[in-house]
Protein chains: 2
Amino acid sequence: MQRSIATVSLSGTLPEKLEAIAAAGFDGVEIFENDLLYYAGSPREIRQRCADLGLAITLFQPFRDFEGCRRDRLARNLDRAERKFDLMQELGTDLVLVCSNVASDSLGERQILVDDLRLLAERAGARGLRIGYEALAWGRHVNTWEQVWDIVREADHASLGMILDSFHTLSLKGDPRGIAQVPGDKIFFVQMADAPILAMDVLEWSRHFRCFPGQGEFDLPGFLAPILSTGYRGPLSLEIFNDGFRAAPPRANAADGLRSLLYLEEKTRLLLEASDPLPDDNLLFKPPAASAYDGIEFLEFAVDDALGAKLSHWLERLGFTKAGEHRSKNVSLLRQGDINLILNAEPYSFAHNFFESHGPSLCATAIRVKDSTQALARAVAYHGQPYRGLVGPNERELAAVRAPDGSLIYLVDQDAEGRTIYDTDFSLVQQPATSLGLTRIDHMALALPADGLDSWALFYKSLLDFSADDEVVLPDPYGLVKSRALRSRCSSIRLPLNISENRNTAISHALSHYRGSGVHHIAFDCDDIFAAVKQAKEAGVALLDIPLNYYDDLAARFDFDDEFLSELAYYNVLYDRDAQGGELFHVYTQPFEERFFFEVLQRRNGYSGYGAANVAVRLAAMAKARSGSQAQVKL
Amino acid sequence: MQRSIATVSLSGTLPEKLEAIAAAGFDGVEIFENDLLYYAGSPREIRQRCADLGLAITLFQPFRDFEGCRRDRLARNLDRAERKFDLMQELGTDLVLVCSNVASDSLGERQILVDDLRLLAERAGARGLRIGYEALAWGRHVNTWEQVWDIVREADHASLGMILDSFHTLSLKGDPRGIAQVPGDKIFFVQMADAPILAMDVLEWSRHFRCFPGQGEFDLPGFLAPILSTGYRGPLSLEIFNDGFRAAPPRANAADGLRSLLYLEEKTRLLLEASDPLPDDNLLFKPPAASAYDGIEFLEFAVDDALGAKLSHWLERLGFTKAGEHRSKNVSLLRQGDINLILNAEPYSFAHNFFESHGPSLCATAIRVKDSTQALARAVAYHGQPYRGLVGPNERELAAVRAPDGSLIYLVDQDAEGRTIYDTDFSLVQQPATSLGLTRIDHMALALPADGLDSWALFYKSLLDFSADDEVVLPDPYGLVKSRALRSRCSSIRLPLNISENRNTAISHALSHYRGSGVHHIAFDCDDIFAAVKQAKEAGVALLDIPLNYYDDLAARFDFDDEFLSELAYYNVLYDRDAQGGELFHVYTQPFEERFFFEVLQRRNGYSGYGAANVAVRLAAMAKARSGSQAQVKL
């Protein structure tokens, strides 16, 4: 398909937008009229610039409120159209978008709408131009694709066709399946936009909250599939009105836009192929399928010698054991249960560079995959940036791709002989039995810049085929935090992504300490929370203090006996219960070097959340700890 | 009235909130339950802290979904209530807020609701506590004050009364007038919240977009007046769920909250007095009435000698004439028509301090008032900060109050002998006739931090009795800009306030250059735009270049002949026409030292806006000019 995007979807001046669109790999561009009006060069210069960049101008949208306008304005509107046709011919594009009239004094009689559009199509056709008619969700009389098709069919003019926009149909809960019955050559253009489901005025929703396919909650493959069934092979174009996008760096945002179209194509292909083989295998993007995942293989921390020793000591108190040293590098391995943590203090390494720019931090996450070659090929097909590090003799080379923050995601499988990375690269020592009983990494939370959520979600959804939970909003004492959890199929890997638009929240604090986004919270699973916490306390792990008032409230909300409540309170264990009776018990540590903190949790009876009910008390306790440590610094 | 605020309205930890609330001058506080749960001290400690700060704890809101709950849960809920009653007695407050049940499985039969609430009131009454029942706008069965009153009346228990919240009534377009018929002693508590009118889900609206009285669009005096008519004399409490407030500095925000209550009291007093004299003149805040305004007397710029000379030269090209020097200070006066501009380079002055911190900038705005003593008394009554500068011999002392950004607002009248400040303080020279024909200051626009709009609007509405137009959203190439215009009665003073949440917009650019909020745009009125612009161009004034494409579009939109369009384009004159046929012609200058720019405009046929239709082209042209000058700097 021809991949296109409207200039209104991006930030910047027209030249900045066009360059970003071309760099992302789009084939075409819809020039939004205001971008042209505010540009100092002529339409011919824009045409030339697009040609130089290899971009077709797929559409122009020069006026509104045409069909059914007051009769005394019709002649004037046709004159206006002719002036805009001149402009389009200078631009070198042949398709005009006419969206349904929203004026309160516009006329709704079908025959008038048919006649007006036929008249306009006649004028356009005489100049080799075409009119595409589109239903706005808030059109005065016309707001469904069915009405548009009825009018276009009745007008029956070769230069008049339909334009379909996913938002206008799906926002009104319209059913796109009937589109499959329309002749494909009467669909002139297709605009794709996603959006979160919001209970608000549809015009405001459309103008401020659209997003790229895969970033919202609409069923876009379900919209595109019937369109392709008609034989439509024209452009797929992104027309995204989004307050954040209007201010985002245009190059990165355009790259996200293209990735979102690829993702939509893959999902639509899978949907179509579920019933019939595709007539043309090249029609839609076909990356290698996602590999199966089996949890986190290891986490790698960037440290220097001093902080490595400190973190190592910290982790040993949490029940980890030093299990090995790298054969040739200044890298050590700590283990407990199925958890592998690597501390990397090797100079001239990726980790070292990461340490230089971010301080002690999580610089790599290794995902256990069934087939690393296939997993990497998929990531690269989705324009992921592969990474190749220094590999010593007899060491495994690991497939890796850059995360949006520059950290690495390793894709690790067993080698041909069934050996792990630890067998090949490390000198292992026998692992002693003492531990806290932590079994695996339950989840890792990332702090992102306020506008980073959509981009990260799309990265994981497309490259790694993760799914995304609904967004939740949580109160920090100094502002709100938004969280959206990503998870791999079968949920063996879970990544809550957190943002905050406010400066003083824990998330913003984590971001400023990392000098960029990063993992700030790692949760370990265990089978017996009280045994684990008891040992941790004895080992001197500093746990986050939870106020007693919290436990008084638990007493009012649940039927706990006083002894059990006292135990929860003594060990600072938080509690949550879901509607199905699933239970979560969890404790938090104080932060390590203000960079990250750890959680120890136990899930019972299939609890599948993250303790959202307790995030506010945790954030308040952390804020108190922060202000306490600041006060100490002041003293 | 007892003035109260809920802790949820502010940012911070509970102690931070309480201190801010006391410092602002509130009498009482509603402790939001989560603030208590997350606090490390006991309820008794909170009680003591409030007592030390002189704050009554006016209300506690410890549970939800009580009345009409599933029958198997009732006993459990009553137990829970008893535990919370214990807590309230420790806190030392006697009023429980019970808001209407929202649970989908809750029961709606009137008799059940009556019985449940009577039961709870009985339990509360036995301990000297009272139950206030409130309708949530999204309650499952009960969501109007009329339903609440019906149930409370039927239950007929001395410990059960109504709680009224303006948001829950006004968001559903309810009519509060009937409240006047309720016995005043059955109203236990009143919560006041304003909000912008938004077409969205009422729960989301309530949780994120409430604001202080006077900052939104609800008719709050119309809500409060019937309540006071009942004889209600209990607390007026602010319960504001607002994402911005959750992150705003709590002291400044609490001060705004108190000011908003004073403003509400004044407006309600005026409404009540329109029909009957108040029974108790001390019941509601009564500041001196606002003075009559007659436009801007002068603007004062903070400069040093070099920049003063440069700005003076700039203004002379715009048709201003040096009209005088201050008798004793390094201060000069430029004049044209009714416009007075003062350039202040005096060391050891307010202007000098302002220059040191903000660079060349507008440091004071003088408003022409009928009675400066009264105007200042009103400002001070509203907790404005008066300013007294150094006054030399034979100089006028000017009444002044600090604006929220630290600049000054002078309140200037003629002295007893009818002399102006220019007569008393300046050596005036005869003013020559040559000018551009600029007649008066039409408006001045301020760039504010993203969260500053509500606070500034409230400042001008309360201290100066300005009114505020609706907010408009405008596209800058690098993000959105929000604008809300304030105007004095009779519109002789107009101040559009502009904010942007995005870093690279013109507004953010202006803010970073000012190192704080400030005037970045001053518009002068004239009677003949073409004569003025022709002279300006000849004098070498650098006007903002407007792209020719803009004029092509004007040609399509309006019936202008080509000669007129060419003239518009040649002089970079922008054009707008309103629905009533009012017309605006306007041009912009390039910015002076990246700090502010000037506009010359002509209004015809009663045009009353600010050319919003042309703001986007202006912002795009300014962005281009900025990136051009940055490019030059790079070369």
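Residue numbering restarts at 1 for every chain, and letters A, B, ... go by the order of the sequence lines.
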| said: Using a 4.5 angstrom heavy-atom cutoff, name the option from A/Arg557, A/Met200, A/Arg618 with the most pairs to chain B. | reply: A/Arg557

| task | With a 4.5 Å cut-off on heavy-atom pairs, point out which of A/Ala555, A/Pro250, A/Ala620 contacts chain B the most. | result | A/Ala555

| query | Quick one: which residues of residues 79-88 of chain B reach chain A at under 4.5 angstrom, heavy atoms only? | reply | B/Arg80, B/Arg83, B/Lys84

| query | Once you round to the nearest 0.5 Å, how far does CG of A/Asp243 lie from CD of B/Glu501? | reply | 8.0 Å

| said: Looking only at heavy atoms and a cut-off of under 4.5 Å, which of A/Ser500, A/Ala248, A/Pro547 has the most pairs with chain B? | reply: A/Pro547

| task | Considering non-hydrogen atoms only, spot the tightest contact between A/Ser11 and B/Pro477 and give its length. | result | OG-O, 3.4 Å

| request: Please check if the side chain of A/Asp201 supplies one atom and the backbone of B/Leu198 the other of a donor-acceptor pair under 3.5 Å. | output: no

| When rounded to the nearest 0.5 angstrom, what distance separates CZ in A/Arg626 from OG1 in B/Thr13? | 11.0 Å

| query | Where is the tightest heavy-atom contact between B/Ala247 and A/Gly479, given as atom of each residue plus distance? | reply | CB-CA, 4.1 Å

| request: Could you pull out the closest heavy-atom pair between A/Tyr478 and B/Glu16, with the gap in Å? | output: OH-OE1, 2.7 Å

| query | When heavy-atom pairs shorter than 4.5 Å are enumerated against chain B, which of A/Ile546, A/Leu203, A/Asp559 gives the highest number? | reply | A/Asp559

| So do A/Arg207 and B/Val473 actually touch side chain to side chain, heavy atoms under 4.5 Å? | no

| field | Name of the residue among B/Asn502, B/Thr505, B/Leu480 meeting side-chain contact (heavy atoms from CB on, under 4.5 Å) with A/Arg246 | value | B/Leu480

| What's the shortest heavy-atom distance between A/Ala40 and B/Lys624, and which atoms? | CB-CE, 3.8 Å

| field | CG on A/Leu619 to OH on B/Tyr38, rounded to 0.5 Å | value | 9.0 Å

| request: Please name the pair of heavy atoms, one in B/Leu36 and one in A/Asn549, separated by the smallest distance, quoted to 0.1 Å. | output: O-ND2, 2.9 Å

